[in-house]
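This report refers to the structure that appears directly beneath it.
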Amino acid sequence: MRLFSFLLLLAAAVPLHAGWRVESSTPHSASPALTHWVKKVRNGRERPMELQLVLLDRSKTTLKVIDLPPGASVAEGLRKSGALAGVNGGYFHRDRTPLGLVISGGVKTNPFQRAKLLSGVLAVTPRGASLLRNAEYRDGAQVKEALQSGPYLVDRGKAVAGLNATRAAERTVLLADKKGVAALLITPPITLAKAGELLATPGLFPELKIERALNLDGGSSTALWVNDHPAPYSHSEWKRVRNAVAVMPKNP
């Protein structure tokens with residue numbers, strides 16, 4: 001009986017379905033406007049995965065779409081723009097023509113497009129930055145910055161069904177809670193389906209409650225730059241990209 005009771009206690013202590021869990025969560029740096037977190041997560045018995053999360057203070061920051069000149073890296077473009085941090089932006093064709101809507105500084109440089117890949121829009125107005133479904137987006141003078149991308153990984157706090165579960169690649173993601181865009185994220189190679197599952201796991205990101213997660217261009221385009229101190233953090237893209245999403249200080 002004692003052995004049987006011990007085995008019952010052991011079974012209760014070890015979850016039958018481990019799923020995603022946090023192994024460590026460390027602030028790489030912090031400033032009054034943002035915090036750069038380095039998170040190590042593990043899915044069951046798989047190898048740990050390191051995530052780079054930039055959590056924003058929305059009272060002190062805003063988002064801007066930066067058009068990059070040919071040959072310029074994401075880090076160079078963000079640094080020259082005076083950004084606090086940023087990631088690579090949306091998709092583009094081989095001739096560097098953007099795929100989907102792009103608005104920067106109130107100027108539309110590429111029109112809204114209908115494409116299976118483009119399921120959502122980052123839209124920045126004087127009220128803040130939001131992640132919108134295509135059907136929710138409304139053009140107008142109040143939209144100062146916009147970038148069309150996709151697919152959605154999380155919507156209404158749930159992983160989106162039907163995402164690709166076979167092709168793994170580095171991912172660049174915008175995260176939003178109910179108040180709007182709250183964080184930037186890059187991941188090591190992972191499938192879209194697994195990324196959605198990861199981001200929808202309860203308690204994995206106690207820093208914010210993720211309501212929506214929009215995938216940006218990833219793979220060889222994935223880049224993150226943070227103006228950390230004493231030295232900036234940079235995860236460089238493998239190939240030059242067309243634009244970037246910059247975290248800018250909000251004017252008082």
Side-chain angles (χ1 to χ4, degrees), residues 34 36 52 54 56 61-125 129 131-132 134 137 139 143-151 167-175 181 183-190 192 214-228 231-251:
L34 56 83
H36 175 197
Q52 304 289 336
V54 178
L56 310 179
T61 60
T62 186
L63 297 182
K64 182 174 179 57
V65 178
I66 303 291
D67 193 48
L68 300 173
S73 69
V74 170
E76 290 169 344
L78 293 171
R79 192 164 47 242
K80 289 179 180 178
S81 71
L84 303 172
V87 290
N88 64 289
Y91 301 101
F92 55 97
H93 298 282
R94 289 187 176 182
D95 64 357
R96 299 189 78 249
T97 302
L99 177 63
L101 175 68
V102 179
I103 297 176
S104 179
V107 178
K108 184 183 294 184
T109 58
N110 209 64
F112 187 94
Q113 292 179 247
R114 300 287 181 183
K116 185 177 180 180
L117 184 64
L118 305 175
S119 58
V121 180
L122 162 67
V124 182
T125 70
L131 298 182
L132 305 174
N134 285 341
Y137 176 75
D139 213 350
V143 181
K144 303 304 180 185
E145 312 288 329
L147 188 69
Q148 204 175 359
S149 193
R167 182 177 177 273
E170 291 185 341
R171 305 294 173 190
T172 304
V173 188
L174 298 177
L175 306 178
V181 178
L184 317 175
L185 177 79
I186 64 168
T187 78
I190 189 174
L192 291 171
L214 183 65
N215 186 65
L216 299 179
D217 192 8
S220 58
S221 296
T222 294
L224 169 67
W225 181 82
V226 187
N227 193 18
D228 284 343
Y233 171 86
S234 183
H235 176 94
S236 300
E237 68 275 25
W238 301 350
K239 66 177 182 182
R240 295 296 183 247
V241 301
R242 176 58 196 258
N243 49 44
V245 177
V247 180
M248 304 296 295
K250 185 178 286 188
N251 294 326

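Only heavy atoms go into these numbers, but all of them, side chains included; no hydrogens, no water, no symmetry mates. All values derive from a computational prediction rather than experimental measurement.
- Contact detail for Arg96 and Pro70: the closest heavy-atom pair is NH1-CG, 3.7 Å.
- With a 4.5 Å cut-off on side-chain heavy atoms, Leu63 and Val181 count as touching.
- For the residue pair Gly150 and Leu214, the shortest heavy atom distance occurs at CA-CD1, 3.8 Å.
- Judged by distance alone, the side chain of Asn243 and the main-chain N or O of Gly90 form a donor-acceptor pair under 3.5 Å.
- Judged by distance alone, the side chain of Arg171 and the main-chain N or O of Gly218 form no donor-acceptor pair under 3.5 Å.
- By the 4.5 Å heavy-atom criterion applied to side chains, Lys64 and Ser81 are not counted as neighbours.
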Quiz item: side-chain contact (heavy atoms from CB on, under 4.5 Å) between Leu147 and Leu101: does it pass, once the steps are laid out?
Solution: CA-CA 6 Å; Leu147 188 69; Leu101 175 68; over 6 Å; no
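- A salt bridge links Lys108 to Asp139: one of the charged nitrogens lies within less than 4.0 Å of a carboxylate oxygen.
- Here the side chains of Val245 and Glu145 are not in contact, with every heavy-atom distance at 4.5 Å or above.
- Judged by distance alone, with hydrogens and angles left aside, the side-chain atoms of Asn227 form no donor-acceptor pair with the main-chain N or O of Pro232 at under 3.5 Å.
- For Ser149 (side chain) and Asn215 (main-chain N/O), a donor-acceptor pair under 3.5 Å exists by modelled atom type.
- Using a 4.5 Å cut-off on side-chain heavy atoms (C-beta onward), Leu175 and Leu184 make no contact.
- Here the side chains of Thr61 and Met248 are not in contact, with every heavy-atom distance at 4.5 Å or above.
- Here OG1 of Thr187 is found 7.0 Å from CD of Glu170. Values are rounded to the nearest 0.5 Å.
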Practice problem: Please assess Asn88 against Ser221 for the test side chain to side chain donor-acceptor pair (under 3.5 Å), listing each intermediate value before the final yes or no. | Solution: CA-CA 7 Å; Asn88 64 289; Ser221 296; 5.0 Å; no
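- Between Leu84 and Pro249 the shortest side-chain heavy-atom distance falls below 4.5 Å.
- Just one of Val173, Leu216, Val87 meets the side chain to side chain contact (heavy atoms under 4.5 Å, CB included) condition when paired with Ile186; it is Val87.
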Exercise. Please report the C-alpha distance between Lys80 and Ile66 in whole Å, then the side-chain angles of each, then the deciding distance to 0.1 Å, and finally whether the side-chain contact (heavy atoms from CB on, under 4.5 Å) criterion is met.
Key: CA-CA 10 Å; Lys80 289 179 180 178; Ile66 303 291; over 6 Å; no
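- A donor-acceptor pair under 3.5 Å links the side-chain atoms of Glu237 to the main chain of Val74, judged by distance alone.
- Annotation for Lys144 and Ile103: closest pair O-CG2, 3.5 Å, computed over non-hydrogen atoms.
- Smallest separation of non-hydrogen atoms from Ala223 and Thr172: N-OG1, 4.1 Å.
- Minimum interatomic distance between Ala129 and Val124 (heavy atoms only, all atoms of both residues): CB-CG2, 3.9 Å.
- How far OG of Ser104 is from CG of Asn110: 12.5 Å, rounded to the nearest 0.5 Å.
- A donor-acceptor pair is defined here as one N or O able to donate and one able to accept, closer than 3.5 Å; no such pair exists between the side chain of Thr62 and the backbone of Lys250.
- The closest donor-acceptor contact from the side chain of Tyr233 to the backbone of Leu224 lies at 3.5 Å or more, if one exists at all.
- The shortest side-chain heavy-atom distance between Gln148 and Tyr137 does not fall under the 4.5 Å cut-off.
- Closest of all the heavy-atom pairs between Leu68 and Ser73 is CD2-O, 4.1 Å.
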